[in-house]
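Inspection log for the structure reproduced underneath, given as structure tokens.
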Amino acid sequence: MRKGIPIPDLPAIYASDIAPDGTYVVLTGPGEVLNVDLETGATEVRVTVPDAPFDNLAFAEDGTLYLSSFLGPSITAVATVGTIRVINV
């Protein structure tokens with residue numbers, strides 16, 4: 001059985017997912033999306049998205065990251081090249 005790796009100074013996690021490249025990714029309250037190395041516990045900022053807070057995330061097969069917010073009827077899409085667009089629903 002694998003034991004968890006402590007990750008010091010990690011902010012509150014709102015959601016997590018596995019990216020198409022196999023990276024474990026977490027969403028934090030300030031709108032930071034972090035890559036987490038599950039072997040070492042090291043984190044790296046994948047992207048910081050304005051207009052936080054977000055409450056969930058999901059990846060499309062092409063690597064596009066989608067973030068939802070409980071504050072409004074919209075989805076924020078972050079393309080692999082870093083462009084950000086808001087989709088009103």
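Below, each value reflects all heavy atoms present in this structure, side chains not excepted, and no hydrogens, waters or symmetry copies.
- A single hydrophobic cluster is seen to contain both L34 and I18, as judged by linkage of ILVMFWY side chains at heavy-atom distances under 4.5 Å, directly or through other members.
- No chain of hydrophobic side-chain contacts below 4.5 Å, direct or via other Ile, Leu, Val, Met, Phe, Trp or Tyr residues, connects V81 to L67.
- If you run side-chain contact (heavy atoms from CB on, under 4.5 Å) between R46 and each of N35, V78, V26, L27, only N35 comes through.
- Heavy atoms only, all atoms of each residue included: F54 and Y14 are closest at O-CD2, 3.1 Å.
- Counting heavy atoms of neighbouring residues, nucleotides and ligands inside a 6.0 Å radius, atom CG of D55 exceeds 12 of them.
- Smallest separation of non-hydrogen atoms from A77 and Y66: CB-CE2, 3.6 Å.
- Hydrophobic clustering (ILVMFWY, side-chain heavy atoms < 4.5 Å, transitive): F59 and V47 are in one cluster.
- A single hydrophobic cluster is seen to contain both I13 and L38, as judged by linkage of ILVMFWY side chains at heavy-atom distances under 4.5 Å, directly or through other members.
- Without hydrogens or angle criteria, T64 side chain to A79 main chain gives no donor-acceptor distance under 3.5 Å.
- For the pair V33/L65, a side-chain contact is recorded, criterion being any heavy-atom separation below 4.5 Å from C-beta on.
- Between the side chains of S68 and N56, no donor-acceptor pair of N or O atoms lies under 3.5 Å.
- Side-chain contact between I87 and S74 is absent, with no heavy atoms from C-beta onward closer than 4.5 Å.
- Here CG of D37 is found 10.0 Å from OG1 of T43. Values are rounded to the nearest 0.5 Å.
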Report the C-alpha separation of T76 and V49 in whole Å, then their side-chain angles, then the decisive distance to 0.1 Å, and conclude whether the side chain to side chain contact (heavy atoms under 4.5 Å, CB included) test is met.
CA-CA 9 Å; T76 300; V49 184; 3.9 Å; yes
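- When all heavy atoms of S69 and P53 are compared, the pair lying nearest together is OG-O, 3.1 Å.
- Distance check, rounded to the nearest 0.5 Å: CZ of R85 to CD1 of I75 gives 11.0 Å.
- The backbone N or O of V25 lies less than 3.5 Å from no partner atom in the side chain of T23, so there is not a single donor-acceptor pair.
- Residues Y24 and L10 fall within the same hydrophobic cluster, defined by Ile, Leu, Val, Met, Phe, Trp and Tyr side chains chained together at heavy-atom separations under 4.5 Å.
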